[in-house]
Asker: 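There's a structure below that I have some questions on.
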Amino acid sequence: MGSCRCSSAWQRVRRGLAAGPVVLQSGPAALLHPSPSLTPYRPPAAAPAPAPASPSSRHLFSDPAETEALRRDLLAWYDRCKRDLPWRTRAATEPSADRRAYAVWVSEVMLQQTQVATVIDYYNRWMQEVNELWAGLGYYSRGKRLQEAARKVVSELAGQMPRTAEDLQKLLPGVGRYTAAAIASISYGQATGVVDGNVIRVLCRLRCIGADSSSPAVIDRLWDMANALVDRSRPGDFNQALMELGATVCVPKAPLCGECPVKQHCRARLRASTTPESGLKGLPCVGQGGLVDEPALIPVPSLQVEKELASASQKLLGKATPVPDVEDCGAGGCPLCPPAAEPWDSSLGVTNFPRKAAKKQPRAARAATCVLERRGCHRAPEYLIVQRPSSGLLAGLWEFPSLPLPQDLQEEKQREALAEHLQAWIGQPVVAAELQLIGEVVHIFSHIHQTYVVYSLSLDGDVTLDAASPPSRWVTEEEFHVSAVSTAMKKVLKACEKQQEKRSNPGQGSKRKRGAKAQGTGSTGPGTQLSLRAFLQPPTAP
Ligand code: SF4
Ligand code: ZN
């Protein structure tokens, strides 16, 4: 865990800001105060659908006194130990609510899938210069959407940020449920919870939730829980504390349970301590604090022993003999317990939670692509790039003209199909036999295993692009690298250059890359990120 710093002046400012919270109008406050007329979770949308099974209180925060204690413990820890981050300071000191919300918004967008340490420098520079600093952070579309939404605030909302999570999500493009709730709770003090990857992990451990934590049903329940749990007077701090706990203490692989401020409320820790192997063998859940303030050890029931034996014999004999977990609510009925086929693994301790369903294998896809080259000014090579559709995979990015291919299409046929495709772009016949086969480039997207069959073709003379076609342009190599092209396309160009170099210098090692950039040109090299300005600039004339 990072250094623990106290900052009482800072806290005073924050407390002042947190005054006057907006209390969530609807939501699962019933979780905290169950009454016979209110069920803990949302009712099913359609009447004929069977009602989902309700989880037992084991998975809920149903004791108001415990909830209060948990809020208190977590906030006290946060006040003592929180990291000093620039967006927190800004959120606490900026007097204008709109600017405060904008500052939080930028930080939340930057933090999506990017580490805090990487974001700090970009954040500071962005807030100072508000321009082309997205380079290096990746996830281009985030930057673009942020700019679109900021424009909308200025042009359609008279410069005023929406004031509730609901309106933020409804009115600002690209602002999802999490970002809206983070902005509303941190900037405006709205008592609404947040759920991100860190919160999912912490809540699943606190309440032994072993059902697939990526399923919409479980995510919905976690949102209900976060809304119920959030501290009413310091919602922004509470949400940040919960996320901070996940980022620094309740980390994925080796949580520091001994140092955890809410360990006495943690059912996963209790669960781990009831298994003899776990607590006494120094599992991750037992930190420096040891077992001194552990909950009393509960005798291991005989069914548990039976389960361990069954699991051991399964390992030895390879036979699956699932035995219901005595610590779970009951075989099959509970929507939040682990599936019966995946019982508690005592060697994992608290890291049994959360669980995700196995990832689907990425889908295999093939495309033919052509590095089409012409001679531009001073005979320098220029390449044709075309823009992808504005939705779907790699939306709006630029690429070499490409054509999806069915699997197992013969080389001759794919060459013909590509020639026809290129003809449509450049408006003149392309002879299939003249396409040079470069080879295959593989790129793995999160859900697609994409193979590009790469060809190249050099055109003589000028080529006028069809103005009626979707956007396309000729770019020099330098321009290519600072354009909004995917990493896959950079690999394609690299492969093409390598091949051409081999052909022009047979027998020689590749010492110099054709078109290698001079120093100080200001452009980024292959594999590096794009400049935001390049992305937002209108395309240059063909
Ligand atoms: Fe996470 Fe351990 Fe704290 Fe439980 S006790 S919340 S598992 S760090
Ligand atoms: Zn259960």
Side-chain angles (χ1 to χ4, degrees), residues 1-2 31 40-41 52-62 66-67 69-78 81 195-213 215 217-218 221-222 224-226 229 238 241-275 278-279 282-295 324-346 348-355:
M1 195 179 128
L31 272 180
Y41 292 111
S54 287
S56 79
S57 63
R58 165 186 166 77
H59 302 297
L60 304 178
F61 295 95
S62 42
E66 196 211 357
T67 300
L70 191 151
R71 289 173 179 163
R72 205 179 40 243
D73 294 341
L74 186 62
L75 282 167
W77 168 79
Y78 182 68
C81 301
V195 172
D196 73 343
N198 283 321
V199 173
I200 290 174
R201 184 166 59 256
V202 173
L203 291 181
C204 284
R205 287 176 182 170
L206 283 173
R207 282 303 175 263
C208 283
I209 295 173
D212 176 7
S213 68
S215 79
V218 173
R221 300 220 183 223
L222 291 170
D224 287 348
M225 271 185 192
L229 203 54
F238 182 86
L242 205 53
M243 294 189 275
E244 183 100 337
L245 187 74
T248 60
V249 176
C250 194
V251 292
K253 290 210 174 112
L256 307 167
C257 297
E259 296 175 23
C260 177
V262 293
K263 61 185 171 216
Q264 66 274 34
H265 310 289
C266 180
R267 298 205 170 140
R269 190 168 195 247
L270 178 66
R271 173 75 178 83
S273 70
T274 60
T275 311
S278 59
L283 276 174
C285 73
V286 180
Q288 306 300 323
L291 294 169
V292 178
D293 56 355
E294 282 285 335
D325 193 321
V326 289
E327 296 286 340
D328 290 343
C329 302
C334 175
L336 295 180
C337 269
E342 295 168 33
W344 169 270
D345 177 346
S346 53
L348 295 177
V350 298
T351 62
N352 269 283
F353 307 113
R355 293 184 189 192

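We count ligands from 1, going down the list as the structure has it; atoms in each ligand are counted the same way. Both backbone and side-chain heavy atoms feed into the values below; hydrogens, waters and symmetry mates do not. Model, not experiment: these values are computed from the prediction.
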Asker: Which atoms of ligand 1 sit under 4.0 Å from any heavy atom of K263?
Answerer: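 Answer for ligand 1: 5 (S).
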
Asker: For the backbone of S213 and the side chain of R355, can you confirm whether one donor and one acceptor N or O come within less than 3.5 Å of each other?
Answerer: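 Side chain of R355 to backbone of S213: no pair is present.
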
Asker: Please confirm whether the backbone N or O of W344 pairs with a side-chain atom of N352, one donor and one acceptor, at under 3.5 Å?
Answerer: no

Asker: Checking contacts here: is it the side chain or the backbone of A268 that comes within 4.0 Å of ligand 1, counting heavy atoms only? Could be both or neither.
Answerer: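 Under 4.0 Å from ligand 1, A268 contributes no heavy atoms.
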
Asker: For a quick test of reading the model, state the closest non-hydrogen atom pair linking P252 to T351 and the distance between them.
Answerer: O-CG2, 3.4 Å

Asker: Let me check your reading of the structure: within less than 2.8 Å of the Zn ion (ligand 2), is there an N/O/S atom from C334?
Answerer: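 So C334 counts as coordinating the Zn ion (ligand 2), yes.
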
Asker: Can a cation-pi geometry be assigned to R207 and F61, taking NZ or CZ under 6.0 Å from the six-membered ring centre and within 45° of the ring axis?
Answerer: yes

Asker: Donor-acceptor pair, R269 side chain versus V350 backbone, under 3.5 Å?
Answerer: no

Asker: Heavy-atom distance to atom 3 (Fe) of ligand 1: which of C257, C208, C260 wins?
Answerer: C260

Asker: Quick one: which ligand 1 atoms are inside 4.0 Å of a heavy atom on R205?
Answerer: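 Matching atoms, with element in brackets: 7 (S).
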
Asker: Go through ligand 1 atom by atom and flag the ones less than 4.0 Å from a non-hydrogen atom of R269.
Answerer: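 Answer for ligand 1: 5 (S).
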
